[in-house]
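Please read the structure below before turning to the comments.
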Amino acid sequence: MWQLRFWTYFLLLALSLAPVQRVVACSCMRSHPQRMFCQSDFVVLVKVKKMNTMNEYDISYNVKINKIFKVNNGKTYAALKKNILFTPSMDSMCSARFSLGETYVVSGYTVNDKARVSLCGLSMQWRTVNRSQRKAFRQLYKHGCSCHIHYTPWWTKGAALENTGGKECLWESQPGPEHCQTNFGICMPISGGCSWFHTIAYKNCIKEYQQQQLTQQKQERENSKFRLID
């Protein structure tokens, strides 16, 4: 009997803790780099120099700002001039983490005259950012801020096209060309709506993706033939 009571208590304890674990976990909405650029108060290129523990809620990073890609207003500019980025101290609050000495492109918001960043914004090591995205940060993303990028599971693409009337950029999940649209896609206004801007890098990525799909389909047909013979 005591064993039954023990396992009943253990099960109830586990169930009571489960919702707490879900609540405290950091959760960010899936967002294209262009949308993060457009929706932020600032986007800057910084070199991280030092980390400081402010209190139990915040840490800060002393940075050198190498380039300002976007700044919304004078208040945000004044916050950036302090060369300090604030972020929550706890991972559960979506704390952004940076390596000292590294250069990042980051986005964030101004709160109480402080430039704040989080895991849910841009925090990309600059050395990993491809040439197309670097040009987009410098020049092109800002021209597409009136457009909406619609994340679309690949199996719902047809319905999404019908619902959006072809006026939004569909960011297709895997096995769609998600990586092409993430790494090379720029959603730009066109007559009657918005569409992915077909740069050379974007077209080459899509072409390579389509070729991989054809190769995979051919291999699947060959495998199917062998299974029928067996």
In residues 201-211, what donor-acceptor pairs under 3.5 Å come from side-chain atoms, sequence neighbours left out?
from   : atom 1 : to     : atom 2 : distance (Å)
Asn204 : ND2    : Ile200 : O      : 3.4
Tyr209 : OH     : Pro175 : O      : 2.4

Run the numbers on Arg116 and Asp41 for salt bridge (Lys or Arg N to Asp or Glu O under 4.0 Å), then give the verdict. CA-CA 10 Å; Arg116 299 195 65 89; Asp41 288 341; over 6 Å; no
Trace of the side chain to side chain donor-acceptor pair (under 3.5 Å) decision for Asn52 with Asn62: CA-CA 8 Å; Asn52 305 289; Asn62 291 80; 2.5 Å; yes
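The aromatic rings of Tyr141 and His32 sit perpendicular to each other, their planes meeting at more than 60°, with 30° as the lower class boundary. Using cut-offs of 30° and 60° on the angle between ring planes, the pair Phe69 and Phe137 is parallel.
Screening residues 167-186 for salt bridge (charged side-chain N to carboxylate O under 4.0 Å, His left out), with sequence neighbours left out, gives Arg30-Glu178, Lys157-Glu172.
The existence of a salt bridge linking Asp91 and Arg97 is confirmed by a sub-4.0 Å separation between a basic side-chain nitrogen and an acidic carboxylate oxygen.
In this structure, Lys70 forms a cation-pi arrangement with Phe37, its terminal cationic atom sitting closer than 6.0 Å to the ring centre and no more than 45° off the ring axis.
For Thr76, the side-chain hydrogen bond (donor to acceptor under 3.5 Å, both in side chains) partners at least two apart in sequence or on another chain are Asn73, Thr110.
Counting heavy atoms from C-beta on, the side chains of Cys94 and Pro88 never come closer than 4.5 Å.
With hydrogens and angles ignored, the 3.5 Å screen pairs no side-chain donor or acceptor of Trp154 with any backbone N or O of Pro177.
The SG atoms of Cys169 and Cys147 are placed at least 2.5 angstrom from each other.
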